[in-house]
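Reviewing the structure listed below.
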Amino acid sequence: MVTIESTRSKLIKLLADAKESYISGQQLSEQLHISRTAIWKHMKELEKDGYVIEAKPKTGYRIKHFSENVSANTLKWGLNTSWLGKEIIHKSTVSSTQLVAHEAARTNAAHGTVIIADEQSSGRGRMDRVWHSKKGKGIWMSVILRPEIPPYMAPQLTLMTATAIADVLDQYDGINPKIKWPNDILIENKKVAGILTEMQAEQDRIQYVVIGMGLNVNQADNELPDAIHYRATSLRKETANEWQIITLVQQILQAMEAQYDTFLKRGFSEIKTKWESYGFRIGEKISYHQGRENKQAIFSGIAADGALLVELANGNKEKIYSAEIDWFVE
Ligand code: BTX
């Protein structure tokens, strides 16, 4: 089935590939198998979504400016996935994309549905901590998954998502992402992204999982709140560039879909290896509290079930599921 969206995605790709040159209406109509009038109508729709298109009589069309307006359309056009983000719900302001996602999942939203907002008034982290989500400055997004895996494996999805985001950031020069177990992404020891996985499950079956991710993109130094200023960063702060939110969202969804498909087909081991290649402080000494005990051990990797693995001074290995970890012990 050829949908309007896939036609429009192909149209954008053709125009993008042509760079500065014009492509004639005739050529576009032949390649997309639609009439020249239909091409013209698609161009008008693209303009409504913020693209600037130049139409030159007897010559053709070219894109002068790609849209920077985040909308369900602009996110979908050019998105190269087969199931993730086929349904995108974009809102300008929400309390939390997690809440919208839970609501959508309860009312049967499909596997792979994405909820994204420009701004969250009550963005949340783990254990009801606050997640600052300044308008238009970052990616505040939740993904609904319906994985056919037992509930105990759900934490692996958090590690998978962190690895996908790290993979995307790692492609860019000057960005060296690290993942702080289990779910924070750091650049130069400062948090640039966090992931929050929430699940609705019965004893042995997952109904759905909502994976929320927050990525600081275009905040300037003074746009990160005082409370987190010294522990947080944004891509703009790290590179002194403005970043394209649409492109980053598309890259993250593409990476996440690929990792998820690998995970279902071949299990967790490839993701685990990749995660470990980004692991913050792997091979180094960390200090942690378990109950009243304060322990020190070498962080040696993650276990197949996603737990943190440490090696004690006596050579014994131990799994840690939740502990207060002091990452910065010398
Ligand atoms: P977390 O509990 O690991 O991190 C929360 C902590 O991170 C806060 O207590 C604060 O110290 C710090 N923090 C808050 N906002 C920021 C920020 N913008 N950048 C860096 N550090 C910050 C991590 O939880 C999981 C966060 C998930 C956020 C996404 S956004 C889309 C989705 N909707 C939603 O409400 N939450 C998720």
Side-chain angles (χ1 to χ4, degrees), residues 68-70 75 90-101 114-143 158 161-198 210-253 255-256 278-281 324-328:
E68 283 162 21
N69 305 348
V70 176
L75 290 169
H90 168 256
K91 306 261 182 200
S92 135
T93 302
V94 290
S95 56
S96 155
T97 56
Q98 293 293 98
L99 291 183
V100 179
V114 170
I115 292 89
I116 183 163
D118 299 333
E119 173 183 45
Q120 300 186 110
S121 53
S122 317
R124 60 181 201 226
R126 291 174 302 158
M127 293 169 278
D128 280 332
R129 291 191 282 238
V130 170
W131 185 260
H132 300 284
S133 322
K134 192 170 169 58
K135 188 170 185 109
K137 297 289 174 174
I139 296 174
W140 326 123
M141 164 164 92
S142 301
V143 168
T158 307
T161 306
T163 310
I165 297 176
D167 266 351
V168 169
L169 299 182
D170 196 43
Q171 303 171 66
Y172 290 97
D173 282 348
I175 304 262
N176 184 15
K178 292 278 170 199
I179 310 174
K180 181 152 115 0
W181 184 83
N183 67 331
D184 287 342
I185 299 188
L186 310 183
I187 301 177
E188 303 292 342
N189 293 342
K190 290 183 174 178
K191 185 143 129 184
V192 72
I195 296 158
L196 172 67
T197 303
E198 295 173 323
V210 173
I211 303 184
M213 53 206 105
L215 171 65
N216 299 328
V217 181
N218 282 327
Q219 291 101 329
D221 203 24
N222 60 4
E223 289 173 321
L224 289 164
D226 286 345
I228 57 164
H229 191 255
Y230 291 101
R231 284 175 285 132
T233 191
S234 69
L235 296 178
R236 173 167 164 195
K237 260 188 78 176
E238 293 302 316
T239 58
N241 289 333
E242 279 278 326
W243 289 61
Q244 273 276 350
I245 292 202
I246 295 172
T247 311
L248 276 171
V249 171
Q250 291 175 338
Q251 289 173 337
I252 290 172
L253 295 177
M256 202 173 157
Y278 294 118
F280 178 66
R281 295 228 130 194
E324 273 312 305
I325 300 168
D326 180 4
W327 291 98
F328 296 99

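The closest side-chain heavy-atom distance from Asn241 to Arg236 is not below 4.5 Å. Contact annotation: the side chain of Ile187 never approaches that of Asn176 to less than 4.5 Å [non-hydrogen atoms, C-beta and beyond]. Annotation: side chain of Asn189 is not in contact with side chain of Trp327 (no heavy-atom distance under 4.5 Å). Lys137 is listed as a side-chain neighbour of Gln219, based on a closest heavy-atom distance under 4.5 Å. Contact of the Leu196 side chain with the Asn183 side chain is not registered, since no non-hydrogen atoms from C-beta on lie closer than 4.5 Å. In this structure the side chain of Gln98 never reaches within 4.5 angstrom of the side chain of Ile115, judged on heavy atoms. Residues Asp118 and Thr93 are not in side-chain contact: their nearest non-hydrogen atoms beyond the backbone lie 4.5 Å or more apart. In this structure, Ile165 and Met256 have side chains that are not in contact, with every pair of non-hydrogen atoms separated by 4.5 Å or more.
With respect to the salt-bridge test (charged N to carboxylate O, under 4.0 angstrom), the residues Lys134 and Glu119 do not qualify.
Annotation: side-chain contact (heavy atoms from CB on, under 4.5 Å) contacts of Asp184 (sequence neighbours excluded): Lys180, Leu186, Lys191.
A donor-acceptor pair shorter than 3.5 Å cannot be found between the side chains of Tyr172 and Glu238. Checking Thr247 against Trp243 by side-chain atom types alone, no donor-acceptor pair falls below 3.5 Å. Residues Thr97 and Gln120 bring a donor and an acceptor atom of their side chains to less than 3.5 Å of each other. In the model, Asn216 has no side-chain atom that pairs as donor or acceptor with a side-chain atom of His132 under 3.5 Å. Checked by atom type, the side-chain pair His229/Asn222 shows no donor-acceptor distance below 3.5 Å.
Of all non-hydrogen atoms in Pro177 and Leu169, the two that sit nearest each other are CG-CB, 4.1 Å. Looking at every heavy atom in both residues, Leu224 comes nearest to Thr233 through CD1-CA, 4.0 Å. The heavy-atom pair separating Ser142 from Ala101 by the smallest distance is CB-CB, 3.9 Å.
Note that OG1 of Thr197 is 7.0 Å distant from CD1 of Ile195, once rounded to the nearest 0.5 Å. Put simply, CG on Leu75 and CG on Leu253 are 8.0 Å apart, with the number rounded to the nearest 0.5 Å.
More than 12 heavy-atom neighbours from other residues, nucleotides or ligands sit within 6.0 angstrom of CD on Glu242. Crowding of Lys178 atom NZ: a count of heavy atoms from other residues, nucleotides or ligands under 6.0 Å exceeding 12.
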Checking Ser92 against Lys135 for the side chain to side chain contact (heavy atoms under 4.5 Å, CB included) test, could you report, in this order, the C-alpha distance in whole Å, the side-chain angles of both residues, the deciding distance, and whether it holds? CA-CA 8 Å; Ser92 135; Lys135 188 170 185 109; 3.6 Å; yes
Step by step, work out the side chain to side chain contact (heavy atoms under 4.5 Å, CB included) result for Val143 and Val210. CA-CA 6 Å; Val143 168; Val210 173; over 6 Å; no
List the steps, then state whether side chain to side chain contact (heavy atoms under 4.5 Å, CB included) holds for Val217 with Ile139. CA-CA 7 Å; Val217 181; Ile139 296 174; 4.0 Å; yes
Would Tyr278 and Ile185 count as a side chain to side chain contact (heavy atoms under 4.5 Å, CB included) here? Give the steps. CA-CA 9 Å; Tyr278 294 118; Ile185 299 188; over 6 Å; no
So Ser95 and Ser122, side-chain hydrogen bond (donor to acceptor under 3.5 Å, both in side chains) or not? Walk me through it. CA-CA 5 Å; Ser95 56; Ser122 317; 5.3 Å; no
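Partner of Met141 under the side-chain contact (heavy atoms from CB on, under 4.5 Å) criterion, chosen from Leu215, Ile211, Val114: Val114. Each of Val168, Thr239, Val192 was evaluated against Ile175; a single residue qualifies, Thr239, per the side-chain contact (heavy atoms from CB on, under 4.5 Å) test.
Here salt bridge (Lys or Arg N to Asp or Glu O under 4.0 Å) pairs that include residues 121-133, with residues two or more places apart or in two chains, are Arg124-Glu198.
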